[in-house]
There are 2 protein chains.
Amino acid sequence: MQAQAAIAMVDRPHPFLRQASTNAAASGGRAAKELRLARGRALFYEGDRVEHFYEILSGTVRCCRIIHDGRRQIYRFVGQGGMIGLGCQDRYGYSAEAVTDVVARRHRLADLDAAMAADDAMRRGVLQALRDELAATRAQMLLLGRMSAAEKLASFLLALAGESADPDACIELPMTRSDIADYLGLTIETVSRKLNELRLLGVICLDTPTRVRITDLDRIEAIAEAA
Amino acid sequence: MQAQAAIAMVDRPHPFLRQASTNAAASGGRAAKELRLARGRALFYEGDRVEHFYEILSGTVRCCRIIHDGRRQIYRFVGQGGMIGLGCQDRYGYSAEAVTDVVARRHRLADLDAAMAADDAMRRGVLQALRDELAATRAQMLLLGRMSAAEKLASFLLALAGESADPDACIELPMTRSDIADYLGLTIETVSRKLNELRLLGVICLDTPTRVRITDLDRIEAIAEAA
DNA sequence: CGTCATCTTGAGTACGATCAAGAGGGGTGG
DNA sequence: CCACCCCTCTTGATCGTACTCAAGATGACG
């Protein structure tokens, strides 16, 4: 109930979403279903047939892929107001798992398709969402391919801080070190060490392992620099 | 004329493209313009206002971003039949530069928008293209975040081989070691060394620095494994 | 033939991974 | 209420992969 506040604290429903619900209802489609998932449970698994997309009402979800030897890459964390599955086709290319307890609304992809055909604003909204996701994914490629561990951590914390309404409020990390590591292409030990280094530099304050405060915005931005 | 054959040798125009041209013409839009770029020239730069998208008719283009200290990440290589700029909004998030001499067709994004509104198949085609690009970008995230240098090289060569029509034909690399390095998140020295290691293992044959033949498909697939 | 860019190869280094042990924190059951 | 267990996080020591710096080889072009 408190953890998921870290990601996407702002309460802005996606532009096309009201319309999605309205249109589905108007066209006689079943109402969007609300789901509750306990921490650790999956919204769907990689390889599942794509029939729905999901709107996250509260909590945080990780989208990830695991390869046979156990290595994992987390593609994105999705918090309140975020959409999952818009960019998928036929089969999901990743699993979506609840990082915290999650409430999500499930929509039929077919309804969205119909709505896009009928409504210009809806079509633009979905396109915009896809393009935003693509841009975010590219930014993460740059991070994974060309940044040092310290830069990765600094960028990550700044991104979390940026999503929060209050600029220099506490950041509550909903995810474990393992999640952070698999998102940034590091190990948990490196995440732990680099966070500690940032703390020793006076750049952040670690009230608890999951509670971070940025104490020197300029410095952490200088460390993240590449952006 | 011969180099770009390595990427996307197959001559399949994008599903929605004929329609794009047709529609633009039918709706009185100016005909799509054909551009010729010498090797090294840019189609557009990061930050340019987005007005067009491009269809690559021949040659290879790299989409990349450079940060202030010179580090570069190449997001994708685009060969014959590929589209550039569909996933962009307002301002391009990367530069597009000709790796070889390139011929491209320039289309107005506004025309595409109109066509998507009018035509169901067109809308689905563009969505599919965006989703494919998103899937490819995610695959590259996994590669950048979780793969060893050898695995990266093996995956890269297999991807190139997969795009070619003939399975075990020669792969002509249109890009330099530097391009490969910046695509895979490595240095040119590591690219050179790992290619040589693959050669010593008998997995590939390097006829010239830019001409590769896969001599042991099973082995190279085993090395790339994660996929 | 000379120049320049690219590629290769070598030697040493460093960053992050791995292996290992211990500390903290929350929840459950006695 | 306390003790215990488990999970996560931290910290330390060592290792290895890939980077850096440097020099030489190869090849294209004028």
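Note that this is a predicted model, so its numbers are computed, not measured. Every chain is numbered from 1 and lettered A, B, ... according to where its sequence line falls, protein lines coming before strand lines.
Taking the six-membered ring wherever Trp is involved, the centroid distance between the rings of A:Y183 and A:Y75 does not fall below 6.0 Å.
Looking at A:T215, its side chain does come within 3.5 Å of a backbone N or O of A:G202 through a donor-acceptor pair. At distances below 3.5 Å, not a single donor-acceptor pair connects side-chain atoms of A:T60 with backbone N or O atoms of A:P174. Distance alone, capped at 3.5 Å, is enough to place a donor-acceptor pair between the B:T137 side chain and the B:E133 backbone.
Legend: residues meeting side-chain hydrogen bond (donor to acceptor under 3.5 Å, both in side chains) with B:Q89, ordered by chain and number and at least two apart, are A:D132.
Nucleotide C:dT9 holds its C1' atom 12 Å from the CZ atom of B:R199, rounded to whole Å. To the nearest angstrom, C1' of D:dT17 lies 11 Å from CG of B:L186. Here C:dT6 presents its C1' atom at 12 Å from CD1 of B:I180, a figure rounded to the nearest Å. Going from atom CE of A:M147 over to atom P of D:dC19 covers 16 Å, rounded to whole Å.
Checked options B:R199, B:K194, B:R193; the residue passing with B:N196 is B:R199 (criterion: side chain to side chain donor-acceptor pair (under 3.5 Å)).
Which of C:dC7, C:dG16, C:dT18 sits closest to the side chain of B:T176 comes down to C:dC7. Comparing D:dC9, C:dT6, C:dG16 by their nearest atom to the side chain of A:P209 picks out D:dC9. Side chain of A:R177, nearest nucleotide from D:dC9, C:dG16, C:dT6: D:dC9.
The existence of a salt bridge linking A:R41 and A:D101 is excluded, since no basic side-chain nitrogen approaches an acidic carboxylate oxygen closer than 4.0 Å. Note on A:D48 versus A:R91: no salt bridge recorded, every NZ/NE/NH1/NH2 to OD/OE distance being 4.0 Å or above.
Each of A:T187 and B:I188 has a nearest nucleotide on DNA chain C; the 5'-most of these lies closest to B:I188.
Within residues 189-198 of chain B, the residues approached by DNA chain D to less than 4.0 Å at the level of any non-hydrogen atom are B:E189, B:T190, B:R193, B:K194, in residue-number order.
Rounded to 10°, the angle separating the first-five-pair axis and the last-five-pair axis of the helix from C:dC1-D:dG30 to C:dG30-D:dC1 equals 30°.
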